[in-house]
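A note on names: the letters A, B, ... follow the listed sequences, proteins ahead of strands, and every chain is numbered from 1.
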2 protein chains.
Amino acid sequence: MTTLNRPDTPDAHICGIDTVMEVIGGKWKVLILWALETQPRRRFGELRRLVPGITEKVLASHLREMEADGIVRRVAYDEVPPRVEYSLTEDGARLNDALEPLAVWGRGRPAGRRAPSPPPTV
Amino acid sequence: MTTLNRPDTPDAHICGIDTVMEVIGGKWKVLILWALETQPRRRFGELRRLVPGITEKVLASHLREMEADGIVRRVAYDEVPPRVEYSLTEDGARLNDALEPLAVWGRGRPAGRRAPSPPPTV
DNA sequence: CCGTATCCTATAAGATACTG
DNA sequence: CAGTATCTTATAGGATACGG
């Protein structure tokens with residue numbers, strides 16, 4: 001992990017931030033997070049529909065990582081046909097809350113950025 | 001961009017979040033952000049030292065993207081030897097603030113996660 | 001000092017097919 | 001239904017060298 005230890009950089013700050021980035025770094029993880037927030041429990045197929053574009057393989061692997069990270073709980077019922085339900089853990093719910101200010105920031109911008117911007121040489 | 005439009009998913013929420021993820025998605029961007037927060041202006045070489053492990057190429061490209069995204073301002077002084085100063089824009093500063101709750105969440109966990117967790121089949 | 005220019009590789013993720 | 005198993009590809013990022 002990238003752990004800094006310099007007088008200039010607020011380490012605790014940083015330390016926290018990059019562990020978070022590892023946890024939500026997957027391409028679809030925040031989307032899965034929100035999908036899990038809108039209802040207490042979600043089934044695999046539901047999630048696939050709620051996150052359009054994701055493949056089964058990636059959904060499955062993301063879910064396994066999120067489970068390992070303790071933000072998602074997976075309960076498999078031994079029935080036929082099989083039923084599996086995913087839900088947020090307490091930690092996952094708090095993570096979701098912590099994402100809110102970021103979402104607000106994102107909404108507050110002119111949609112399409114990444115302009116070349118004039119080269120200001122002084 | 002992954003823009004959802006389903007009754008179940010809080011689109012505005014999501015929309016905001018994934019634009020943010022595009023902006024801070026680079027491997028070192030949040031670190032650069034913090035390094036820029038701790039002082040009003042930073043030179044290229046300073047940043048390289050403050051973000052140990054990053055290569056010049058990646059630092060340069062990250063900075064250019066962040067500039068294009070409007071969160072970093074670059075000012076090049078026409079001197080010799082060259083001097084270039086990077087700083088946060090207002091938008092960048094607000095982004096940094098919005099990252100704080102996430103950092104708090106990250107700090108509040110038992111450091112090394114990603115445990116295999118016992119398979120709970122009901 | 002502040003970067004580019006090349007070249008290279010590892011990994012995430014997509015496509016597709018198949019199974020308990 | 002809820003996944004695995006393969007295979008392939010794109011891209012981010014790393015290593016290194018050089019330039020204004």
Side-chain angles (χ1 to χ4, degrees), chain A residues 1-2 18 21-32 35-36 39 41-69 72-87 114 116-117 119-122, chain B residues 1-2 18 21-32 35-36 39 41-69 72-87 114 116-117 119-122:
Chain A
M1 187 178 305
T2 323
D18 56 5
M21 292 309 288
E22 283 175 16
V23 170
I24 60 170
K27 184 172 180 184
W28 310 89
K29 288 190 182 173
V30 293
L31 265 36
I32 296 174
L36 287 172
Q39 203 167 280
R41 281 169 282 121
R42 293 286 193 189
R43 302 184 58 169
F44 187 86
E46 263 183 298
L47 290 172
R48 191 176 33 180
R49 268 174 281 113
L50 289 169
V51 186
I54 198 172
T55 64
E56 301 185 337
K57 176 197 151 191
V58 172
L59 177 55
S61 74
H62 277 196
L63 283 171
R64 266 182 272 111
E65 286 181 12
M66 295 167 83
E67 196 193 352
D69 283 330
V72 162
R73 177 169 29 245
R74 175 186 186 275
V75 180
Y77 298 88
D78 202 353
E79 307 171 354
V80 53
R83 178 166 56 108
V84 177
E85 290 183 338
Y86 294 92
S87 55
R114 192 149 299 192
S117 89
T121 304
V122 181
Chain B
M1 189 179 305
T2 322
D18 56 6
M21 292 309 289
E22 283 175 17
V23 171
I24 60 170
K27 185 173 181 184
W28 310 90
K29 288 191 181 172
V30 292
L31 265 36
I32 296 173
L36 287 173
Q39 203 166 280
R41 281 169 282 120
R42 293 284 193 190
R43 302 184 57 168
F44 188 86
E46 263 183 299
L47 290 173
R48 192 176 31 179
R49 268 174 282 112
L50 288 170
V51 186
I54 199 172
T55 64
E56 301 185 339
K57 175 198 152 191
V58 171
L59 176 55
S61 74
H62 277 195
L63 283 171
R64 266 182 273 110
E65 286 181 11
M66 294 167 84
E67 196 192 353
D69 282 332
V72 162
R73 179 172 25 247
R74 175 186 185 275
V75 180
Y77 298 87
D78 202 351
E79 307 170 356
V80 54
R83 177 167 57 107
V84 177
E85 290 182 338
Y86 294 93
S87 56
R114 191 147 300 192
S117 89
T121 304
V122 182

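- Closest approach of A:Glu85 to A:Arg83, counting heavy atoms only: OE2-NH1, 3.2 Å.
- Atom-to-atom, CH2 of B:Trp28 to P of D:dG13 comes out at 9 Å; the value is rounded to the nearest Å.
- Between B:His62 and D:dG13 there is a side-chain N or O to OP1 or OP2 distance below 4.0 Å.
- Between A:Arg42 and D:dC1 there is no side-chain N or O to OP1 or OP2 distance below 4.0 Å.
- Regarding B:Phe44, its CZ atom lies at a distance of 8 Å from the P atom of C:dT4, rounded to whole Å.
- When side chains are defined from C-beta on, A:Leu47 counts as touching A:Leu59, because their heavy atoms get closer than 4.5 Å.
- In the set D:dG14, C:dG3, C:dG14, the nucleotide with an atom closest to the side chain of A:Thr55 is C:dG14.
- Between the side chain of A:Lys57 and the base of C:dG14, a donor-acceptor pair under 3.5 Å is found.
- Here the CE-CD1 distance, from A:Met66 to A:Ile32, works out to 5.0 Å after rounding to the nearest 0.5 Å.
- Between B:Arg43 and the phosphate of C:dC2, there is a side-chain N or O to OP1/OP2 separation shorter than 4.0 Å.
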Would you list the protein and nucleotides 17-20 of chain D atom pairs, both N or O, that sit under 3.5 Å from each other?
none

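- Dashed line: the shortest gap from a side-chain N or O of A:Tyr86 to OP1 or OP2 of D:dC1 is not under 4.0 Å.
- Comparing D:dG14, C:dG14, D:dC1 by their nearest atom to the side chain of B:Val58 picks out D:dG14.
- For the pairing with A:Glu46, the salt bridge (charged side-chain N to carboxylate O under 4.0 Å, His left out) check across A:Arg42, A:Arg48, A:Arg43 returns one residue only, A:Arg42.
- Residue B:Arg48 is classed as having no contact, given no heavy-atom separation below 4.0 Å to the nucleic acid.
- Distance CG (A:Leu63) to C1' (D:dC1): 14 Å, rounded to an integer number of Å.
- Atom CZ of B:Arg74 sits about 9.5 Å away from atom CZ of B:Phe44, to the nearest 0.5 Å.
- Taking atom CD1 on B:Ile54 and atom C1' on D:dG14, their separation rounds to 11 Å, with Å as the unit.
- Spacing between atom OH of B:Tyr77 and atom P of C:dC2 amounts to 12 Å, rounded to whole angstrom units.
- Note on the helix from C:dC1-D:dG20 to C:dG20-D:dC1: angle between the axes of the first and last five pairs equals 60°, rounded to 10 degrees.
- The distance from atom NZ of A:Lys27 to atom C1' of C:dA15 is 13 Å, rounded to the nearest whole Å.
- Side-chain atoms of B:Asp69 and B:Glu22, non-hydrogen and from C-beta on, never get closer than 4.5 Å to each other.
- In this structure, the side chains of B:Leu50 and B:Leu31 stay at 4.5 Å or more apart for every pair of heavy atoms.
- With rounding to whole Å, B:Glu79 atom CD is found 13 Å from C:dG3 atom P.
- The nearest heavy atom of DNA chain C to A:Gly53 and to B:Ser61 marks one nucleotide each, and the one closer to the 5' end goes with B:Ser61.
- When the C1' atom of C:dA13 is taken as reference, atom CZ of A:Arg64 falls 14 Å away, rounded to whole Å.
- Not a single side chain to side chain donor-acceptor pair (under 3.5 Å) links A:Arg73 to another residue, sequence neighbours left out.
- What you find for B:Ile54 and B:Val51 is that their closest heavy atoms are CG2-O, 3.0 Å.
- When all heavy atoms of B:Leu36 and B:Tyr86 are compared, the closest pair comes out as CD2-O, 3.6 Å.
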